[in-house]
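The structure appears right after this line, and notes come after that.
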2 protein chains.
Amino acid sequence: MTLTDLLPATDVTACCEPLTRESISAENAGALASTLKALADPTRLRLLSMVAAHVDGEACVCDLTEPVGLSQPTVSHHLKILVEAGFLTRSKRGLWAYYRLVPGALDSVSRLLVTI
Amino acid sequence: MTLTDLLPATDVTACCEPLTRESISAENAGALASTLKALADPTRLRLLSMVAAHVDGEACVCDLTEPVGLSQPTVSHHLKILVEAGFLTRSKRGLWAYYRLVPGALDSVSRLLVTI
DNA sequence: TAACTATATTGACGTTTGTCAATGTAGTTG
DNA sequence: CAACTACATTGACAAACGTCAATATAGTTA
């Protein structure tokens, strides 16, 4: 009689243990991953921070291009990604395009993260 | 005398307004982006969730491969990324490698996010 | 209308990423 | 020791990404 025969229960549960709750669905994981992907870039995090730090919580592309140290098309590209992900709004006034944080957007991602 | 001459102040502040506070540093943005990059993948979010949902908050690779629907090397690859990012710990016991959530890791990322 | 300005779009290019098949490694079992 | 098991590593490949130069667009000014 081997040790395995003596301890069948513990051996069975040594791998493939049951769940204590439901884990995140594949669809929700995909959606959250897309949202996080928009944030997972140093330039985009800086852009978000710079927009938030501006007076009136608003900034145009010309405010951001120089401090971020990248070309204007690249900055516009990143801003577009942030708008599409729901973190920024864009409103054009005259020649300028003003970007503004979407209130609560970062908070809701933040809250989602801890429920994983 | 043009309108621009009459309203120099408002014209100047139409673009390139000053900051109300410091924005995130390039180094901190890079570090946070690296951390978020580890999370910004649907498979890795599911793996984190599955590990957390297991009894004792612990799971081995064999627990995760089948439900996630990817090859074993791919799952090991994702788990390694999560360990290196500080979200999981790995402890080998016998033939199995057990992964466990790092307490507070998701919370601190979550908190960092709202201070951007 | 013509010149100018701020921003967006396109196309290209090198880099990074996610995945798998094949193979390597450490530990177990007979 | 030899066969087996769970997991990790390597190498390859297609897809996605970040960046820029060039160009297009929309709005302003003279």
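Order of the sequence lines sets the chain letters (A, B, ...), proteins ahead of strands, with each chain counted from 1.
When side chains are defined from C-beta on, A:Asn28 does not count as touching A:Leu32, because their heavy atoms never get closer than 4.5 Å.
Among the heavy atoms of the strands, none lies under 4.0 Å from B:Arg93. The residue A:Arg90 sits close only to the backbone: its heavy atoms come under 4.0 Å of sugar-phosphate atoms, none of a base.
The side chain of B:Lys80 places no N or O atom within less than 4.0 Å of a non-bridging phosphate oxygen (OP1 or OP2) of D:dC7. At the phosphate of D:dC20, OP1 or OP2 sits under 4.0 Å from a side-chain N or O atom of A:Thr74. Taking side-chain N and O atoms only, B:Tyr99 has no distance below 4.0 Å to OP1 or OP2 of D:dA6. Close to D:dT19, at under 4.0 Å from its OP1 or OP2, lies a side-chain N or O of A:His78.
Residue A:Ile81 places its side chain closer to D:dG18 than to any other of D:dC20, C:dA6, D:dG18. For B:Pro73, taking side-chain heavy atoms from C-beta onward, the closest of the listed nucleotides C:dG18, D:dG18, C:dA21 is C:dA21. Set against C:dT17, D:dT19, D:dC7, the side chain of B:Lys37 has C:dT17 as its closest nucleotide. Listed candidates were D:dC7, C:dA26, D:dT9. Nearest to the side chain of B:Ala97 is D:dC7. The nucleotide whose nearest atom lies closest to any side-chain atom of A:Leu95 is, among C:dC20, C:dT28, D:dA26, D:dA26.
In terms of position along DNA chain C, the nucleotide closest to A:Thr65 lies nearer the 5' end than the nucleotide closest to the other residue of the pair A:Thr65 and B:Gln72.
Side-chain atoms of A:Ser23 do not come within 3.5 Å of backbone N or O of B:Met50 as any donor-acceptor pair.
As rounded to whole Å, 11 Å separates atom P of D:dA6 from atom OH of B:Tyr98. When the P atom of C:dT7 is taken as reference, atom CG of A:Leu47 falls 13 Å away, rounded to whole Å. Atom C1' of nucleotide D:dA6 and atom CG of B:Leu79 are separated by 13 Å, given to the nearest angstrom. Rounded to whole Å, the distance from CH2 on B:Trp96 to P on D:dA8 is 14 Å. Regarding A:Lys92, its NZ atom lies at a distance of 7 Å from the C1' atom of C:dA6, rounded to whole Å. Look at CD on B:Glu84: it is 15 Å from P on C:dT16, rounded to the nearest Å. Spacing between atom CG of A:Asp63 and atom C1' of C:dT7 amounts to 13 Å, rounded to whole angstrom units. Atom CG in B:Leu39 sits roughly 12 Å away from atom P in C:dG18 (whole-Å rounding).
Judged by the 6.0 Å distance and 45° axis criteria, A:Arg93 is positioned over the aromatic ring of A:Tyr98.
Atom CG of A:Asp63 and atom CD of A:Glu58 lie 9.5 Å apart (nearest 0.5 Å). The NZ atom of A:Lys92 lies 11.5 Å from the SG atom of A:Cys60; values are rounded to the nearest 0.5 Å.
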